[in-house]
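No hydrogens, no waters, no symmetry mates; every other heavy atom, side chains included, goes into these values. Order of the sequence lines sets the chain letters (A, B, ...), proteins ahead of strands, with each chain counted from 1.
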Number of protein chains: 2
Amino acid sequence: MLSVEHLSRKEQVIRKAAELFREHGYAATSMRDLANALGIEAASLYSHIKSKEEILQSLCFGMADLFRDSLNGVEIMDIPYSEKLRKGIIGHIQVMAKDLIASAVFMNEHRHLSQPYLRDFLLLRINYINRFKKIIEGGIRSGEFREIDTKLAVMTLFSSLNWMPNWYDPSGIINPSDLGNQLADMLIDGLKNK
Amino acid sequence: MLSVEHLSRKEQVIRKAAELFREHGYAATSMRDLANALGIEAASLYSHIKSKEEILQSLCFGMADLFRDSLNGVEIMDIPYSEKLRKGIIGHIQVMAKDLIASAVFMNEHRHLSQPYLRDFLLLRINYINRFKKIIEGGIRSGEFREIDTKLAVMTLFSSLNWMPNWYDPSGIINPSDLGNQLADMLIDGLKNK
DNA sequence: CCATAAGTCTACAAGCCGGTAAAATGCAAG
DNA sequence: CTTGCATTTTACCGGCTTGTAGACTTATGG
């Protein structure tokens, strides 16, 4: 067990599941659909995964780890808060861009996690959001940012970022780092000409 | 038929369905769940609606009409493009605030529409988005807005607005009109102090 | 007081759901 | 050439799915 073949087959199952979960949603994707897409019988899936929800868990918590780590270096840097926010945004975009499908599942399907996994997931998410909120609060205190409602600001920020997996075309001309910079421009500086 | 009672009972069914669709998703909500929430048997639902999907259709296309109409007066006004955008944003927010539950279903569950309804729905949506895109393009031409990627701008805009039903608390202190103005501030002027 | 209609019920159809058990298959190392 | 393991298959379980048929209840207005 734990051979390369086994792991890769399990990974294949999870990846195909992610595609179907993204396209039709977790609840509307049956294990028979998944098996069919892989060219095997539904029962065969259970040699690789314990349950349908285990797939969702590995997708959601796998992405949560990547998001958490991406922000680690940024907070302690000795740079203006607007630059911290910019780096946080770019990191967030790059994590999503590395796996757009898993990101979309992470964003849209996590509510189908059962307890206690749902609770744990939501705690990880609120923690991550609060780290961004602190950066914005710092920027307001330092006078870099206007005195805006921080809850509203952080909700606007994450709304804009997290919808990206639903429209970004990775085969297009713009790369993830540029996209992150442009999104940061728009959110930090706004649409208006100064 | 068409008595007040009949209409109101049908409306009750649709409203309760909207609540469940928002909370658990369309696919994860069974007609038994819905019947149970109403205190009746599942079969009784079919005296009021033709099918589960008919409920989703009425919710999605009902909201689509409201969004379309909310923008009608704005485009022909003789005001700066930034003001047109602001009024468009406030109108969009107010339509959502009038029915947060139906709005959430509209945003998150429309993909479960079957053809040809899904196609029609997506056409309505892209049309609505393009009307905002034209306002932004006008603002760039007039020099009011920076020379930003319009697709990116309009996606950022709608991401920020459309996530609102998922976090806005209507019993809180901020009213929909103020919320629309604050969102417009943030999107048009950005976070940064000038 | 009865006709009408709305609303609900029981019973059921036909099929899909996630998941299990145990046998069969294919393959690679000893 | 056989042992052992990964993988898949067939057959199945109990329960849930949307939706239908037809009978029953309840209320209202003439």
Below 4.0 Å: OP1/OP2 of D:dA6 and any side-chain N or O of A:H48: no

For B:D65, the salt bridge (Lys or Arg N to Asp or Glu O under 4.0 Å) test, sequence neighbours excluded, returns B:R68

Tell me the interatomic distance from B:K10, atom NZ, to C:dT8, atom P, rounded to whole angstroms. 15 Å

Name all residues meeting the ring-ring contact (aromatic ring centres under 6.0 Å, His included) criterion together with B:F158; count only those two or more places apart in sequence or in a different chain, and write none if there are none. B:H92, B:Y128, B:F132

Name all residues meeting the ring-ring contact (aromatic ring centres under 6.0 Å, His included) criterion together with A:F106; count only those two or more places apart in sequence or in a different chain, and write none if there are none. A:F67, A:F121

Between CD of A:Q12 and P of D:dA6 the distance, given in whole Å, is 16 Å

Let me check something: any side-chain donor-acceptor pairs from residues 35-42 of chain B under 3.5 Å, sequence neighbours excluded? List them with distances.
none

Members sharing B:M77's hydrophobic cluster (side chains within less than 4.5 Å): B:I79

Could you give the CZ-to-P distance, from B:R9 to D:dT26, as a whole number of Å? 15 Å

Students should find that the end-to-end axis angle of the helix from C:dC1-D:dG30 to C:dG30-D:dC1, with five pairs defining each axis and rounding to 10 degrees, is 10°

Return the value, rounded to whole Å, for the distance between atom CE of B:M31 and atom C1' of D:dG15. 19 Å

Identify, with sequence neighbours excluded, every residue that meets side chain to side chain contact (heavy atoms under 4.5 Å, CB included) alongside A:S114. A:E53, A:Y117

Calculate the interatomic distance between A:I55 atom CD1 and C:dG18 atom C1'; express it in whole Å. 11 Å

Atom-pair distance (CG on B:N36; P on D:dC16), nearest Å: 12 Å

Stepwise side chain to side chain donor-acceptor pair (under 3.5 Å) check, B:Q12 with B:R15: CA-CA 5 Å; B:Q12 284 172 38; B:R15 283 229 60 77; over 6 Å; no

What integer distance in Å separates A:D33:CG from C:dC16:C1'? 10 Å

Please state whether the phosphate of C:dC17, meaning OP1 or OP2, lies under 4.0 angstrom from any side-chain nitrogen or oxygen of A:S30. yes

Between A:Y46 and B:K50, which has a closest nucleotide on DNA chain D that is more 5'? A:Y46

A:R86: partners by salt bridge (Lys or Arg N to Asp or Glu O under 4.0 Å), with sequence neighbours left out: A:E83, A:D185

Could you list, one pair per line, each protein nitrogen or oxygen that sits under 3.5 Å from a nitrogen or oxygen of nucleotides 9-14 of chain C, together with the distance?
residue, atom, partner, partner atom, Å
C:dC9, OP2, B:E41, N, 2.6
C:dC9, OP2, B:S44, OG, 3.2

Calculate the interatomic distance between A:L45 atom CG and C:dT20 atom P; express it in whole Å. 12 Å

Test side chain to side chain donor-acceptor pair (under 3.5 Å) on A:N72 and A:R131 and set out the steps. CA-CA 10 Å; A:N72 281 348; A:R131 291 166 74 189; 3.0 Å; yes

